[in-house]
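Following: one structure in structure tokens, then a few remarks.
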Amino acid sequence: MCRQKGKFRRATTVHHLKHLRDVPELALTDSNLISLCSECHEIVHPEKHKRKKGYENMERW
Ligand SMILES: [Zn+2]
Ligand SMILES: [Zn+2]
């Protein structure tokens, strides 16, 4: 994802494109895995941000 934005970061996180709860049989399938840096990984999990209260303005940019 960073490369699409012209940034280069080390990918530190593996994200499952399809949620394991929905398709547990794809847990170890390469086509269902994408490596992301932690920053991009948080972007694809917006639900994690909703728990942080008081930081909405900082995250808007
Ligand atoms: Zn990234
Ligand atoms: Zn993920």
Side-chain angles (χ1 to χ4, degrees):
M1 277 176 78
C2 281
R3 239 179 279 175
Q4 292 168 5
K5 300 175 196 168
K7 293 193 277 181
F8 290 90
R9 281 172 187 269
R10 186 185 292 260
T12 55
T13 307
V14 173
H15 173 65
H16 293 92
L17 291 173
K18 290 181 181 169
H19 205 283
L20 291 187
R21 218 182 297 160
D22 301 328
V23 276
E25 66 272 21
L26 290 182
L28 298 175
T29 303
D30 280 348
S31 60
N32 191 41
L33 301 176
I34 182 171
S35 51
L36 301 172
C37 72
S38 57
E39 199 174 295
C40 289
H41 193 219
E42 287 190 20
I43 291 171
V44 297
H45 287 285
E47 71 276 9
K48 287 184 181 175
H49 286 288
K50 287 178 184 168
R51 290 181 195 166
K52 285 194 228 163
K53 292 195 175 174
Y55 292 99
E56 283 86 355
N57 290 332
M58 290 178 64
E59 292 179 358
R60 195 157 292 165
W61 64 279

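Whatever order the structure lists them in is the order used to number ligands and atoms, beginning at 1. The basis for the numbers below is simple: all heavy atoms, side chains too, and nothing from hydrogens, waters or symmetry mates. Predicted, not measured: the structure shown is a model, and the values here were computed from it.
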Quick check: does Cys37 have an N/O/S atom under 2.8 Å of the Zn ion (ligand 1)?
yes
Can you tell me the N, O or S atom of His15 that's nearest the Zn ion (ligand 2)?
ND1
Within 2.8 Å of the Zn ion (ligand 2), is there any N, O or S atom belonging to His41?
yes
Minimum heavy-atom distance His15-Leu36, with the two atoms named
CB-CD1, 3.8 Å
In terms of hydrophobic clusters joined by side-chain contacts under 4.5 Å, are Val44 and Ile34 together?
yes
Shortest non-hydrogen contact from Val23 to Lys18?
CG2-CB, 3.3 Å
Less than 4.5 Å apart, side chain to side chain, heavy atoms only: is that true for His16 and Leu33?
yes
